[in-house]
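By convention in this document, chain letters (A, B, ...) are assigned in the order of the sequence lines, proteins followed by strands, and residues within each chain are numbered from 1.
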Protein chains: 2
Amino acid sequence: MNYQQAKVRADILKALAHPVRILIVNALSGGDRCVCELAPLVDIDQSGLSRHLAILKRVGVVTERRDGNKVIHHLQTPCILRAFECAVEVLRSDIERKNLHLKAI
Amino acid sequence: MNYQQAKVRADILKALAHPVRILIVNALSGGDRCVCELAPLVDIDQSGLSRHLAILKRVGVVTERRDGNKVIHHLQTPCILRAFECAVEVLRSDIERKNLHLKAI
DNA sequence: TGACAATATGCACATACTTGCATATAGTGC
DNA sequence: GCACTATATGCAAGTATGTGCATATTGTCA
C-alpha cells in the first residue's frame, strides 16, 4: 500500500471518527431521518449537526434527498457499521488482555 | 447508543484515521516489525513514527515486546483490517454512484 | 408576497493534532 | 564505564477540527 492509498482510507475513517457522527450513523442505521429528527439525539447546536452531516455526505457515507422543506438523510453504505463492531472488538480485546495482566499480579 | 459509547468507538477509529498509521497497520499485518523496519515504509521522522506507534498502542491495536535493544511491534487486533476494507467499500460505492449520475447527463 | 419552518454557511475562537529538531532514556557489547 | 544503536519525549510552530452565534438560503403555506 502506498501513501495515497492510505490517505483515501484515512479520510473515510476520519469522517467516522467523531462521537456525534457515530451517533448520527447509528441513528440512520435504523432508517432515514431528517435533521430535525436527529437533533434531539445529539447534544449539539443545529448548525453543528448540519456540519457533521456535511462531513458524512462529503465522503459518501450518507446521502440526502429533499422532501418538502426537509432534507432526509440516508445511510448509503451500511457496511460502515462493521467498522464500529470492529472498534468494539478492539476494546474488548484490550480489556481482556489487561485483565490477564491483572491476574498475573 | 449513548454519547459515551459513541465516544469510545470514535477514539478507536480516530487512532486509525491517519495515513501513516494505516501504513503501519498494513505493514504489521504482514508480521511483527521493529521501528527500524517500519521507518523506511513511512516517509516521516523517527520521532514522528514513534509517536504514531504510541497512539496505536494506547488504544490496544498494536502491542510491543522488547528483543534486545529493539522494540518489536505486533498487530494485536487484526480485525481492524476489516475497517480498512470497509473504507474501500465506501469509496467504491461513492464512485459507482457518481458514475451513475454522470451517465444520466 | 409575507410569515414561518428547516437547513446551511460565515466568522471568530478554542482546542486538538502533527511535525521536526534537539535531547533523553534503555539496552548492547567492548 | 564508554561508545553505540534503537526508541521515546519536551518543546515550539503550523495546521486542522469543532463549536456557538448570527445570518443566509430554501421551501411551504396562507
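- Between the CD1 atom in A:Ile12 and the CD1 atom in B:Ile22 there is a gap of 10.0 Å [rounded to 0.5 Å].
- A donor-acceptor contact shorter than 3.5 Å links the side chain of B:Asn2 to the backbone of B:Gln5.
- Atom CG in A:Asp45 sits about 14 Å away from atom P in D:dT23, given to the nearest Å.
- With rounding to the nearest 0.5 Å, the separation of CD1 in B:Ile80 from CG in B:Asn26 is 10.0 Å.
- Distance CG (A:Asp43) to P (D:dT19): 10 Å, rounded to an integer number of Å.
- Look at NE2 on A:His52: it is 6 Å from P on D:dG18, rounded to the nearest Å.
- Classification of A:Arg97 and A:Asp94 as a salt-bridged pair holds, one side-chain N sitting under 4.0 Å from a carboxylate O.
- Salt bridge B:Arg82/A:Glu89: present, at least one basic N to carboxylate O contact under 4.0 Å.
- At the heavy-atom level, A:Gly68 lies under 4.0 Å from the strands shown only through sugar-phosphate atoms.
- Heavy atoms of other residues, nucleotides or ligands lying less than 6.0 angstrom from NZ of A:Lys57 number more than 12.
- B:His52 and B:Arg21 share a donor-acceptor pair across their side chains, judged by distance under 3.5 Å alone.
- Counting 5' to 3', DNA chain C first comes under 4.0 angstrom of a heavy atom of chain A and last does so at the ends given by C:dA5 to C:dC11.
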Checklist outcome for this item: Letter by letter from the 5' end, nucleotides 3-8 of chain D scores (B base, S sugar-phosphate only, - none; protein heavy atoms under 4.0 Å) --BSBB
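- A side-chain contact (heavy atoms from CB on, under 4.5 Å) with B:Val90 is found for exactly one of A:Asp11, A:Leu13, A:Leu16, A:Thr77, namely A:Thr77.
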